[in-house]
Every structure is written in C-alpha cells, then in structure tokens.
Q: 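I have a structure here, written as structure tokens, and I will follow up with some questions on it.
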Amino acid sequence: MLTGPALGLALLLLIVATSAGCGALLARWAPALLGPTPEERLAAAERRTTVLAQRNRLARELHDSVGHALSAVGIQASAAARVLRTDPDFAAEALQAIERTTRAAVAELDAVLGLLREEEADADRPAGPTLGGLDDLLRQLARTGVTVNAELAPGLARLPAGVSREAYRIVQEGLTNVLRHAGPAPAGLRVVLAGGRLEIELTNPLGPARPSRPGGGRGLRGIGERVTALCGGSTAGPSECGTTWRLAVWLPGGGTR
C-alpha cells in the first residue's frame, strides 16, 4: 500500500518528462522535417529579389558607362589612325579626347564598384552623373563626329536626383546607340518638362549601311528596365518612312518608387 502510490507517481512523472523531452526534440527537428514556413519562404524570396534588383542596377550602370566610353574611344582611335600622317594635329586632339574619356570612365567605374563594397543599407544611394552633366556628354560626342542638336528645357536641375540620374543614363545609352549603329551622324535631342513629367526624345538618320535592330542588344532592354523602375514609358523604332530612328521616353517628374 505504501509503494503503490509512489510507483504510480513516479510512472506519471516519467510519462510527463518523456512527453516534454519528445516535444522539445520534435520542435528542434521540425524545421528540418517540415521545411521552412510560408513566412520564411516569403522573406527569403524578398531578400533574393532585392539582391537581384541591386545586381541588375549595377549591371546597367557598368553597361552604360563603360560601354559608352569604349564606343567613343574606338571611334576616336580609328579616326586618329586614319589621319595620323596627314593631319597630326587632329590625331593629337583625338588622343587627348581618348585620355579624357578613359579618365571619366574609370571614375564612373570606381563609383559603381564602390557600391559593391558598401553595406546593403547604403546600396541605394544615388551615384553617377545627372542631367546637369549633359553638356559634357554632348561635347564628348561632338569629338567623335556625332553632332547633337539639343533642346534642353530650363528647370532640369530641380528634378529629384534619382529621376535626373536615370534620365542621364537613358540619354547616354541612346546617344551611344547612335554612335554604334549610325556612326558619325547628326542627332536630335529634346529633353523637356511637360504636364508634370519629363519627356526625352532622340532621333537620328538611318543609313543604308547600318540598318536598324529593333529590340537588339542590351541597350534598349536597359532603357526599358530604367523606365519601368520609374513608372514611366518608352517607345523605340524606325519612323514610318524608314529613314529615321526615334527613341521616346517619358518619366514622372516626382520621386521614384
């Protein structure tokens, strides 16, 4: 009579301890057995989306800055080689232009690579030129033989830094495409503010030796990605008569999303 209750109590405590131990063990093994929860999967997907967006942004920066510089340097070097003996002054000027172009490209490359070394909290800090640097860009294009008839509206300096920076890259890529596909040809550029939005229009003649490539390359794709990120729109393609290529972009005049 004395040992019966003691044994029952001991058995009850053993059952409780065994249940608690099994519960703790299953709780620890649950993530491995059941996998991540829906909330954990969603958080992981959001982190991956953020990382991919940052990588795409840096890839566009490198493509636009370095690609533009290499296209300009290639044409300037070719022009200098053609007239090296007949016009050494022009060749010297072209070599100086190559030096300036490469210095600017290295500076932009350092700025983009610097973003890779920063922490995630500072990765969205705007870097690079804005619409205020269009005059330097147009002078650089003029040295390669591309004459740009530009119409730049007043008030561009008051645009938000993010919009101004992306707009500069869009203009830079558009002019680089002129340099690549049309060569030393005249181009028309119009950057205006109308109806609370920023409008960019770039036109250039299509020569018979350089046919248009609708949707080709990464340039137009990069422009489309920038426009989408700013909740804007764009069109690109030859005119109805087939003699002119036209790039039209419109962006909101306010902030970015």
Side-chain angles (χ1 to χ4, degrees), residues 53-54 56-72 104-105 108-109 111-112 115 124 126-141 144 146 148-182 185 187-204 212-238 244-257:
Q54 292 173 354
N56 288 335
R57 181 170 64 89
L58 295 176
R60 288 195 302 268
E61 293 295 325
L62 289 174
H63 174 270
D64 292 351
S65 60
V66 178
H68 169 78
L70 291 178
S71 298
E108 291 190 24
L109 181 61
V112 174
L115 294 177
D124 292 330
T130 62
L131 289 177
L134 278 183
D135 291 338
D136 293 336
L137 179 64
L138 297 182
R139 282 193 294 268
Q140 184 185 91
L141 265 295
T144 65
V146 178
V148 181
N149 182 17
E151 177 188 350
L152 306 179
L156 296 179
R158 295 192 297 270
L159 286 172
V163 175
S164 183
R165 175 175 167 272
E166 295 299 316
Y168 176 92
R169 291 302 191 191
I170 291 171
V171 173
Q172 183 185 49
E173 180 57 32
L175 291 175
T176 301
N177 287 339
V178 174
L179 192 61
R180 288 173 179 167
H181 306 304
L189 174 64
R190 189 175 68 93
V191 183
V192 297
L193 291 168
R197 69 180 190 176
L198 177 66
E199 296 182 357
I200 301 172
E201 184 181 35
L202 180 63
T203 57
N204 65 274
S212 63
R213 299 191 310 156
R218 295 185 177 90
L220 292 179
R221 186 191 314 168
I223 290 176
E225 290 174 353
R226 293 181 186 277
V227 169
T228 300
L230 292 170
C231 302
S234 66
T235 60
T244 303
W245 177 272
R246 179 177 180 268
L247 170 67
V249 175
W250 54 95
L251 305 172
T256 63
R257 65 173 178 174

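These values consider heavy atoms only, across backbone and side chains, with no hydrogens, waters or symmetry-generated copies.
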Q: How many angstroms lie between CG in L202 and CD1 in I223, if you round to the nearest 0.5 Å?
A: 8.5 Å
Q: To the nearest 0.5 Å, what is the distance between CG on L198 and CD on E166?
A: 12.0 Å
Q: Would you say that N177 contacts W245 through its side chain, given a criterion of any heavy-atom pair below 4.5 Å between the two side chains?
A: no
Q: D136: which residues meet the side chain to side chain donor-acceptor pair (under 3.5 Å) condition with it, sequence neighbours left out?
A: R139
Q: For L131, is there any backbone N or O sitting under 3.5 Å from a side-chain donor or acceptor partner on S164?
A: yes
Q: For the residue pair L159 and L193, establish whether any side-chain heavy-atom pair is separated by less than 4.5 Å.
A: yes
Q: Taking side-chain contact (heavy atoms from CB on, under 4.5 Å) as the test, write out the residues that go with A248, two or more places apart.
A: T235, R246
Q: Looking only at heavy atoms, which two atoms of C231 and P252 are closest? And how far apart?
A: O-CD, 4.0 Å
Q: Please name the pair of heavy atoms, one in V178 and one in A187, separated by the smallest distance, quoted to 0.1 Å.
A: CG1-CB, 4.3 Å
Q: Can you name the closest pair of heavy atoms from A167 and L251 and give their distance?
A: CB-CD1, 4.2 Å
Q: Once side-chain contact (heavy atoms from CB on, under 4.5 Å) is applied, do any residues pair with L152, and if so which ones, sequence neighbours excluded?
A: L134, D135, A150, L156, L189, V191
Q: Answer whether the closest heavy-atom distance between the side chains of L137 and V148 falls below 4.5 Å.
A: no
Q: Could you work out, with side chain to side chain donor-acceptor pair (under 3.5 Å) as the rule, every residue matching E199, not counting sequence neighbours?
A: R197
Q: Of all the heavy-atom pairs spanning A236 and L247, show the shortest one and how long it is.
A: CB-CD1, 3.9 Å
